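Below is one structure, written out as structure tokens; comments come after it.
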There are 2 protein chains.
Amino acid sequence: MVKNSNFVEKLRELGLRPTRQRVKMCEVLFNREHTFHFTINDLVKMISEELNEKISLATVYNTVHAFEKKGYLKEISINSDKSYFDTNTSIHHHFYDEDTNELIDCGENDIDPVNIKKNITGKKINSVEVLVKVASDNQNQK
Amino acid sequence: MVKNSNFVEKLRELGLRPTRQRVKMCEVLFNREHTFHFTINDLVKMISEELNEKISLATVYNTVHAFEKKGYLKEISINSDKSYFDTNTSIHHHFYDEDTNELIDCGENDIDPVNIKKNITGKKINSVEVLVKVASDNQNQK
DNA sequence: AATCTACATTATAATTATTCTAAACTATTG
DNA sequence: CAATAGTTTAGAATAATTATAATGTAGATT
């Protein structure tokens, strides 16, 4: 989704009515320089603050899933207790900081292409993603 | 954990009392030729059948987590709605079949070593794992 | 072998994350 | 500006997981 722009039009193009809540969500999610990783709860807090009024959890879930379906958000699974979404929807790799629970996108050139030598008959590869878990040097690793 | 063996002794060595339930869980989980992927619910069903009596969900959760803490099970996150455990606790890669929701371990030689060119200052790499999502050729991909 | 004690198991309650529901609301169309 | 179809909302429902407190049991002590 394009930055710094008229989200009202963008939403309409997607076939989603540009409601107050959705426009604000777009601003929070897509009006930024860099990739953004968040949980639903993060987002509910941010939107409520920005809107200066409460937003329903259900609305946030609905809208996040609508954006996901349209290809503007992507779900990332790191561990079972946290579900992240990512505004970078391309196939890409991640660093995960086990100290801070922070998720960091890998750049295009941070990891060499992965060479897969096995293939599964009748199946084609849809995505190849690498997760690199890091932690501070002097800490007990997981 | 070693196959085909006296799990009573094994459990004791781990500092876990060899209860009926734990011994049965060991038999179901570790008495097998190949890696096994399962959800908690899968396991509850299997254990109950094997034991011919009910087992409490809480016990299965407790014991799975105890085994995980001791390093005999590993949790795998594929997507947010399913939490898998894996009897293969080494760092290894996976194929995930999006048609059947089946998780398949990669062999040692199925994927070439991943070359990571970026490093994060003050952090060391704890693990590098690749997830290859596959689906049948003639299907709409995710 | 009987007893003791700490750890385990259990049923159930509590908690958390997510989805559903039905009523109230609102953007769009005519 | 009225009609209507899609949206938001609070709250209920569901599902997964964890906590609780009573009961049971393995292993040590007598």
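Order of the sequence lines sets the chain letters (A, B, ...), proteins ahead of strands, with each chain counted from 1. If you're wondering where the values come from, they're calculated on a predicted model, not measured in any experiment.
B/E129 meets the salt bridge (Lys or Arg N to Asp or Glu O under 4.0 Å) test with B/K74; sequence neighbours excluded. Residues passing the salt bridge (Lys or Arg N to Asp or Glu O under 4.0 Å) test with A/E102: none are found, sequence neighbours excluded. With sequence neighbours excluded, no residue forms a side chain to side chain contact (heavy atoms under 4.5 Å, CB included) with B/E49.
Closest to the B/Q21 side chain, of the nucleotides C/dT9, D/dT8, D/dT9, is C/dT9. The side chain of B/N62 has C/dT10 as its nearest neighbour among D/dT18, C/dT10, D/dT9.
Here D/dT17 presents its C1' atom at 10 Å from CZ of B/F85, a figure rounded to the nearest Å. What separates CZ of A/R22 from C1' of D/dT8 is a distance of 9 Å, to the nearest Å. For the pair B/E9 CD and D/dA26 P, the interatomic distance rounds to 15 Å; values are reported in whole Å. Straight-line distance from the CG atom of B/L11 to the P atom of C/dT9: 10 Å, rounded to whole Å. Between the P atom of C/dA8 and the CZ atom of B/F67 lies a distance of 11 Å, rounded to the nearest Å. As a whole-Å value, the separation of A/L57 CG from D/dA13 P is 18 Å.
For the side-chain contact (heavy atoms from CB on, under 4.5 Å) with A/T35, the lone residue among A/E33, A/R32, A/H37 that qualifies is A/H37.
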Review item, side-chain donor-acceptor pairs of residues 58-67 of chain A, under 3.5 Å, at least two apart:
from  : atom 1 : to    : atom 2 : distance (Å)
A/N62 : ND2    : A/A58 : O      : 3.2
A/T63 : OG1    : A/T59 : O      : 2.8
A/H65 : ND1    : A/Y61 : O      : 3.2

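An OP1 or OP2 oxygen of C/dT19 is reached within less than 4.0 angstrom by a side-chain nitrogen or oxygen of A/H65. For D/dT18, neither phosphate oxygen OP1 nor OP2 lies less than 4.0 angstrom from any side-chain nitrogen or oxygen of B/Y61.
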Q: Assign a letter to each nucleotide of nucleotides 21-30 of chain C from its 5' end: B, base within under 4.0 Å of a protein heavy atom; S, sugar-phosphate only; -, no contact.
A: ------BS--
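Grouping Ile, Leu, Val, Met, Phe, Trp and Tyr by side-chain contacts under 4.5 Å, direct or through others, leaves A/I91 on its own.
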Q: I would like to know whether B/D137 and A/K123 meet salt bridge (Lys or Arg N to Asp or Glu O under 4.0 Å); could you show each step before the answer?
A: CA-CA 5 Å; B/D137 245 328; A/K123 305 279 174 179; over 6 Å; no
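Within 4.0 Å (heavy atoms only), B/I55 reaches sugar-phosphate atoms of the nucleic acid but no base atom.
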